[in-house]
Amino acid sequence: LSLGGNTVVFSPALAAPLRPGGHFLSAAEAGRRLANHLGTHPPAEKPRLAVVHTLSTHNLLLRYWLAAAGIAPDEVFDLTVIPPADMVDALEAGAISGFCAGPPWGKVAERAGAGRIVAGTGAIWSHHPEKCLAVSRAWAERHPATLLAVQRALLRAAQICDHPGESAAIARTLAAERYVGVTAAVIRGSLPAKPGSRDSDRSTFFSHAATFPWISHARWMIHEMRRWGYVAPEVDAAALARRVYRPDLYAKAATAEGVAVPVDPIKQEGGHEGPWTIPAQPEPIAMLDDRFCDGAVYTA
């Protein structure tokens with residue numbers, strides 16, 4: 001249901017070599033500098049990095065970035081799971097040396113002086129997939145009309161959330177204590193903005209096929225889960241991806257809402273360096289670049 005938006009945050013000491021003069025480096029260069037820093041200044045014990053869940057894009061993208069820099073994640077770091085709302089306090093207390101989480105926690109950490117953003121996950125995999133709607137197969141089969149209604153509502157909401165003019169109101173709503181419980185200004189920094197904004201890691205909720213369940217996204221995630229031992233090697237990735245990701249159900253809701261649907265649910269990941277267009281019905285969809293920080297191209 002969205003693209004991009006997460007950040008990798010390190011303690012000020014660990015971030016210093018990666019933010020020379022306060023400027024951002026490319027994810028590839030930041031990774032190289034991190035590897036060099038750890039090699040020349042080996043820590044007395046493994047630095048601890050937190051992610052929101054083991055089976056999350058945060059964990060997979062953080063690991064991808066570290067491995068692309070030649071860093072073995074589990075050998076060099078102690079990766080742990082912490083609820084995102086607790087990460088800034090943990091970083092400030094020295095319980096962790098960094099984290100990867102969605103907005104607004106990176107900006108909260110910077111405002112508190114607890115840490116510094118060293119990379120957006122969009123710099124690791126440009127316009128990567130993020131949040132999703134998932135229900136059990138049994139529930140979907142028992143309640144097809146309800147599922148269709150929920151999907152249509154989400155498509156409408158995604159279109160509203162993609163409008164920069166709605167960001168202020170959305171930020172005020174989410175800032176409430178019962179939701180995120182931080183200032184609206186911090187939340188607004190990750191929401192869509194007018195062209196020319198200096199924030200590069202804002203979320204995309206609808207445009208560029210952000211809501212479409214790409215089978216190739218699922219295949220990439222399964223590949224990475226297998227890489228780190230979360231999925232058994234013998235698992236049929238192609239069959240699993242098609243069983244879990246359901247572009248056919250999406251198409252029913254999208255067609256009802258007049259939303260274009262890609263002709264093929266599989267696309268090349270990482271091979272587009274700039275804007276491009278993908279065939280869809282009833283009209284083509286404008287897409288954005290999808291580069292990986294190491295230049296890899298993944299074909300499901």
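Side chains included, hydrogens not; waters and symmetry mates left out as well; all remaining heavy atoms used.
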Next on the checklist: If you apply the rule side chain to side chain contact (heavy atoms under 4.5 Å, CB included), what do you find for R33 with E29, and how did you get there?
Outcome noted: CA-CA 6 Å; R33 294 199 182 197; E29 178 59 24; 2.9 Å; yes

Checklist entry - Do V81 and V51 touch side chain to side chain, with heavy atoms closer than 4.5 Å? => result yes

Checklist entry - What residues, two or more places apart in sequence or in another chain, satisfy side-chain hydrogen bond (donor to acceptor under 3.5 Å, both in side chains) together with Q268? => result none

Item to check | Rounded distance (nearest 0.5 Å) linking atom NZ of K252 with atom CG of L147 | outcome: 9.0 Å

Checklist entry - So, R19 side chain and I117 main chain: donor-acceptor pair closer than 3.5 Å or not? => result yes

Checklist entry - Are T211 and L154 side-chain neighbours, meaning at least one heavy-atom pair lies under 4.5 Å? => result no

Next on the checklist: Before you tell me yes or no, could you show the steps for V235 and M225 under side chain to side chain contact (heavy atoms under 4.5 Å, CB included), namely the whole-Å CA-CA distance, both residues' side-chain angles and the distance that decides it to 0.1 Å?
Outcome noted: CA-CA 11 Å; V235 167; M225 290 179 189; over 6 Å; no

Next on the checklist: If I take atom CG from residue L49 and atom OG from residue S97, how far apart are they, to the nearest 0.5 angstrom?
Outcome noted: 6.5 Å

Checklist entry - Is there side-chain contact between V88 and V9, with at least one heavy-atom pair below 4.5 Å? => result no

Checklist entry - Are the aromatic ring centres of H217 and Y245 under 6.0 angstrom apart? => result no

Checklist entry - Is the shortest heavy-atom distance from the side chain of T57 to the side chain of M221 under 4.5 Å? => result yes

Next on the checklist: I need the full list of ring pair (Phe, Tyr, Trp, His ring centres under 6.0 Å) pairs touching residues 77-103, with sequence neighbours left out, sorted by first then second residue.
Outcome noted: none

Next on the checklist: Are V244 and W220 linked, directly or through intermediate hydrophobic residues, by side-chain heavy-atom contacts shorter than 4.5 Å (ILVMFWY only)?
Outcome noted: yes

Checklist entry - Any side-chain heavy atom of Y64 sitting closer than 4.5 Å to one from R227? => result yes

Checklist outcome for this item: One should read off an interatomic distance between H272 NE2 and R291 CZ, to the nearest 0.5 angstrom, of 12.0 Å

Item to check | Side-chain (T204) to main-chain (S207) donor-acceptor, under 3.5 angstrom | outcome: no

Checklist entry - Can you get from W276 to F206 by hopping between Ile, Leu, Val, Met, Phe, Trp and Tyr side chains that sit under 4.5 Å apart? => result yes

Checklist entry - Should W228 and L79 be counted in the same cluster of Ile, Leu, Val, Met, Phe, Trp and Tyr side chains packed under 4.5 Å apart? => result yes

Item to check | Taking every non-hydrogen atom, the tightest pair across A123 and A27 | outcome: O-CB, 3.3 Å

Next on the checklist: Run the salt bridge (charged side-chain N to carboxylate O under 4.0 Å, His left out) test against R137 and tell me which residues pass, sequence neighbours left out.
Outcome noted: E141

Checklist entry - For H127 and D290, does a side-chain donor sit closer than 3.5 Å to a side-chain acceptor? => result no

Item to check | Close side-chain approach of R63 and D74, heavy atoms under 4.5 Å | outcome: yes

Item to check | Heavy atoms of other groups near E273 CD, more than 12 under 6.0 Å | outcome: no

Next on the checklist: side chain to side chain contact (heavy atoms under 4.5 Å, CB included) for L18 and H37? Distances and angles first, verdict last.
Outcome noted: CA-CA 9 Å; L18 315 185; H37 174 74; 5.8 Å; no

Checklist entry - Is there a chain of hydrophobic side chains (I, L, V, M, F, W, Y, each step under 4.5 Å between heavy atoms) that links V118 to L91? => result no

Next on the checklist: Using 0.5 Å steps for rounding, measure from the NE2 atom of H208 to the CG atom of D162.
Outcome noted: 7.5 Å

Checklist outcome for this item: Heavy-atom nearest pair, P43 first then P47, reads CG-CD, 3.7 Å

Checklist outcome for this item: For A171 and A184, the nearest pair of non-hydrogen atoms, with its separation, is CB-O, 3.5 Å

Checklist entry - So, for R188 and A168, which heavy atoms are closest and what is the spacing to 0.1 Å? => result NH1-CB, 3.5 Å

Next on the checklist: Please determine whether a side-chain nitrogen of the Lys or Arg among R226 and E224 lies less than 4.0 Å from a carboxylate oxygen of the Asp or Glu.
Outcome noted: no

Next on the checklist: Rounded at 0.5 Å granularity, tell me how far CG in L133 sits from CZ in R246.
Outcome noted: 12.5 Å

Checklist entry - Can you check whether E269 reaches K267 side chain to side chain, under 4.5 Å on heavy atoms? => result yes

Next on the checklist: Tell me whether Y298 contacts the main-chain N or O of R219 through its side chain, where contact means a donor paired with an acceptor under 3.5 Å.
Outcome noted: yes

Checklist entry - Which heavy atom in A95 sits nearest to a heavy atom in R48, and how many Å separate them? => result O-CD, 3.6 Å

Checklist entry - Which heavy atom in R116 sits nearest to a heavy atom in A15, and how many Å separate them? => result CB-CB, 3.9 Å

Checklist entry - Do N36 and R32 have side-chain atoms, one donor and one acceptor, less than 3.5 Å apart? => result no

Checklist entry - Do I124 and W105 sit in the same hydrophobic cluster, where Ile, Leu, Val, Met, Phe, Trp and Tyr count as joined when their side-chain heavy atoms come under 4.5 Å apart? => result no

Checklist entry - Got a second to check how far F205's CZ is from I160's CD1, nearest 0.5 Å? => result 12.0 Å

Checklist entry - Quick one: are N6 and P103 in side-chain contact, heavy atoms under 4.5 Å? => result yes

Next on the checklist: side chain to side chain contact (heavy atoms under 4.5 Å, CB included) for Q281 and V261? Distances and angles first, verdict last.
Outcome noted: CA-CA 5 Å; Q281 291 294 338; V261 180; 5.6 Å; no

Item to check | Pair H128-T121, side-chain donor/acceptor within less than 3.5 Å | outcome: yes

Item to check | Ring geometry between F212 and Y250 (parallel below 30°, tilted from 30 to 60°, perpendicular above 60°) | outcome: perpendicular

Next on the checklist: Between W125 (side chain only) and L61 (backbone N and O only), is there a donor and an acceptor less than 3.5 Å apart?
Outcome noted: no

